[in-house]
Amino acid sequence: MSPTAAAGSSNRALRFFEATIVKKAVVAVTGLVLFGFVTGHMLGNLQIFLGPERLNAYAAFLKSNLELLWGARITLLISVFAHIFFTIQLWQLKNQARPVAYVKKVNSHSSAASRTMYYSGPVILAFVVYHLLHFTVGAVHPHFSETDVYSNVVYGFLQLPVALSYMVAVGLLCMHLSHGIASIPQTLGFNHPVHTPKIKAAARVIATLYFLGYASIPVGVMTGIIRLSSMSL
Amino acid sequence: MQRYEAKDVSPDMSFLEMLDVVNEKLIAEGTAPITFEHDCREGICGSCGFMINGVAHGPKSGTTVCQLHMRSFKDGDELYLEPWRAKAFPVLKDLMVDRNAFDRIIAAGGFITARTGSAQDANSIPVPKAYADRAMDAAACIGCGACVASCPNASAALFTGAKISHLGLLPQGQAERDRRALRMIAQFSSELFGSCTNIGECEAACPKHISLSVIAQMNGDYLKASVRDRGAVKESSD
Ligand code: FES
């Protein structure tokens, strides 16, 4: 029998992050931060149904407090970076851990969401980059206005391919969330015979509600429920 | 992949007995028999195990290959048999893999310190029922490797979690609880098992129905131990 492993790096902090359990815990905690953002962002966006004044005032309010705005942006940026950085390491490990694939393998007891996290993730990242260029920076938006967020949304979603790809992306995001939310307690060491099944069910309900919430906006624009007020025309 | 025909199979045969029949014929024909590992043939040693049609230990839940009977299949079925596939489990021959990586994880910390001399009275250490139950469930692990084999990440989290839970939940296992988690996980990583992503295929494949809760227990024990005394792994490694 070969000897057991000696401790890895001599640096304590580095050694701490060497363990896959710690890496995974970072992914869980940063995922929770990002879930918080997705929640706030959806609730903020849904104000579009209350009319242009309300949404534009909300957007102006968010931009008015620079410390808060940049504090949030930097927290999110760090979370996104750490979430992806450690996931890539775990993904590399996964590829090393099974160099020869099965000729036949059936995965019938797990959710599709759980098995596609490594694929839904990069698509969501690509979407976030596009989304920022579209609605925050305005680089890929045909009628971008710095102050009129409402009309940006309406003009943006009047383009059918944009609206459809947005819905596909939030669909994947919600799939990612359904596994992610349910996984956070497990990864951080909490599993309970009564609460864990409830958390799993809640995660699915939340994911579905968030999908409906997000998708309602492009659907609202395409069906004309959300339309341009005469002022912004 | 090699193709074999299994003739004269009775539905009452176990899967391994069916392979015995195939092998006897192969030997009689002067060809090499199919290598597979087995010992107890009663579902308690954990040495048998391979993939049958993409499922670890075959289609019957909570059953090792040796306890699986041919009545679970139909006459004429085509079965794909494959060994466990993981970097940490090198294939020795045909369906037999080397699972020493598991033994090395156990050697790293899957034990308790017991005093020598006369045994203590059995009931002198009270164990709360809930803990005893969970420890017993975890202790059902036979180390067959089906969890690694069925995990899309080829992770040994269920196995290691079972061992850490079964000792860590009992009073006798408290002295080494932190060190056990730190060392077993260090060994786990050095064997190049993948990382758990809470998919749950292991739980479904486990012939002893060990639940994902042991993985949460392991995660919690490890995180707590590494926050408490990160230096201790080094100091205590002799
Ligand atoms: S041969 Fe012992 S468990 Fe199957």
Side-chain angles (χ1 to χ4, degrees), chain A residues 1-8 10 12-13 15-25 27-28 86-87 89-111 113-115 117-118 179-180 182-193 196 200, chain B residues 1 51 53-55 80 82 85-88 91 100 103-105 107-109 148-155 182-183 185-201 203-205 211-224 226-227 230-231 233-234 237:
Chain A
M1 193 180 287
S2 63
T4 53
S10 55
R12 269 181 162 216
R15 201 170 62 222
F16 181 63
F17 285 106
E18 254 169 37
T20 56
I21 291 180
V22 175
K23 293 183 210 278
K24 190 75 204 314
V27 174
F86 286 111
T87 303
Q89 293 193 342
L90 297 180
W91 178 70
Q92 286 171 331
L93 192 63
K94 163 197 163 95
N95 291 339
Q96 283 171 23
R98 179 165 294 133
V100 182
Y102 285 109
V103 173
K104 202 164 184 168
K105 176 72 170 60
V106 182
N107 294 314
S108 54
H109 297 274
S110 50
S111 67
S114 73
R115 293 191 309 268
M117 295 297 273
Y118 286 120
H179 177 71
S183 273
I184 292 169
Q186 167 80 12
T187 298
L188 298 179
F190 178 84
N191 185 302
H192 188 276
T196 297
K200 280 190 180 168
Chain B
M1 285 227 134
M51 306 295 278
N53 279 347
V55 181
Y80 282 75
E82 281 184 84
R85 295 204 191 274
K87 175 91 178 164
V91 176
N100 274 317
D103 292 338
R104 289 190 292 268
I105 292 178
V148 175
S150 56
C151 173
N153 299 306
S155 174
L182 294 172
R183 288 177 152 207
I185 295 299
Q187 187 63 33
F188 170 113
S189 301
S190 74
E191 299 289 352
L192 281 186
F193 285 112
S195 160
C196 173
T197 56
N198 308 325
I199 288 177
E201 287 292 339
E203 182 180 60
S211 97
L212 284 187
S213 66
V214 300
I215 299 179
Q217 177 82 31
M218 167 180 80
N219 292 342
D221 273 19
Y222 184 85
L223 291 171
K224 272 181 239 152
S226 53
V227 168
R230 274 175 271 154
V233 207
K234 230 178 169 187
S237 46

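Fair warning: this is a prediction, and the values are worked out from it, not measured in the lab. By convention in this document, chain letters (A, B, ...) are assigned in the order of the sequence lines, proteins followed by strands, and residues within each chain are numbered from 1.
Looking at every heavy atom in both residues, B/G194 comes nearest to A/A97 through N-CB, 3.5 Å. Of all non-hydrogen atoms in A/N107 and B/S150, the two that sit nearest each other are OD1-O, 4.1 Å. In this structure, B/A86 and A/P99 approach most closely via the heavy-atom pair C-CD, 4.5 Å. Pairing each heavy atom of B/N53 with each of A/K104, the nearest pair is OD1-NZ, 3.9 Å. Across all non-hydrogen atoms, the minimal contact from A/Q96 to B/K87 is O-CB, 3.4 Å.
Judged by distance alone, the side chain of A/R98 and the main-chain N or O of B/C151 form a donor-acceptor pair under 3.5 Å.
Legend: residues meeting salt bridge (Lys or Arg N to Asp or Glu O under 4.0 Å) with B/E82, ordered by chain and number and at least two apart, are B/R85. Taking the side chain to side chain contact (heavy atoms under 4.5 Å, CB included) definition, one finds that A/S183 meets it with A/H179, A/T187, B/N198, sequence neighbours left out.
For B/I185, the part sitting under 4.5 Å from any heavy atom of chain A is the side chain, from C-beta outward, and nothing else. At a 4.5 Å heavy-atom cutoff, B/S211 makes no contact with chain A through either its backbone or its side chain. Using a 4.5 Å cut-off between heavy atoms, B/F193 touches chain A through its backbone atoms (N, CA, C, O) alone. For A/A101, the part lying near chain B is the backbone, with the side chain staying farther off; criterion is any non-hydrogen pair under 4.5 Å. Using a 4.5 Å cut-off between heavy atoms, A/F190 touches chain B through its backbone atoms (N, CA, C, O) alone. Neither the backbone nor the side chain of B/A205 comes within less than 4.5 Å of any heavy atom in chain A.
Contact of the B/Q217 side chain with the A/N191 side chain is not registered, since no non-hydrogen atoms from C-beta on lie closer than 4.5 Å. The closest side-chain heavy-atom distance from A/Y118 to B/N153 is below 4.5 Å. The shortest distance between side-chain heavy atoms of B/M51 and A/K105 falls below 4.5 Å. Residues B/N219 and A/L188 have side chains not in contact (no heavy-atom distance under 4.5 Å, counting atoms from C-beta outward).
The most heavy-atom pairs under 4.5 Å with chain A, out of B/A149, B/S155, B/A204, come from B/A149. Per-residue counts of heavy-atom pairs under 4.5 Å with chain A were compared for B/P152, B/C196, B/S189; the largest is that of B/P152. When each of B/G200, B/G220, B/S213 is checked for heavy-atom pairs under 4.5 Å with chain A, B/S213 comes out on top.
To the nearest 0.5 angstrom, B/L212 atom CG is 5.5 Å from A/Q186 atom CD. Going from atom CZ of A/R115 over to atom OG1 of B/T197 covers 10.5 Å, rounded to the nearest 0.5 Å.
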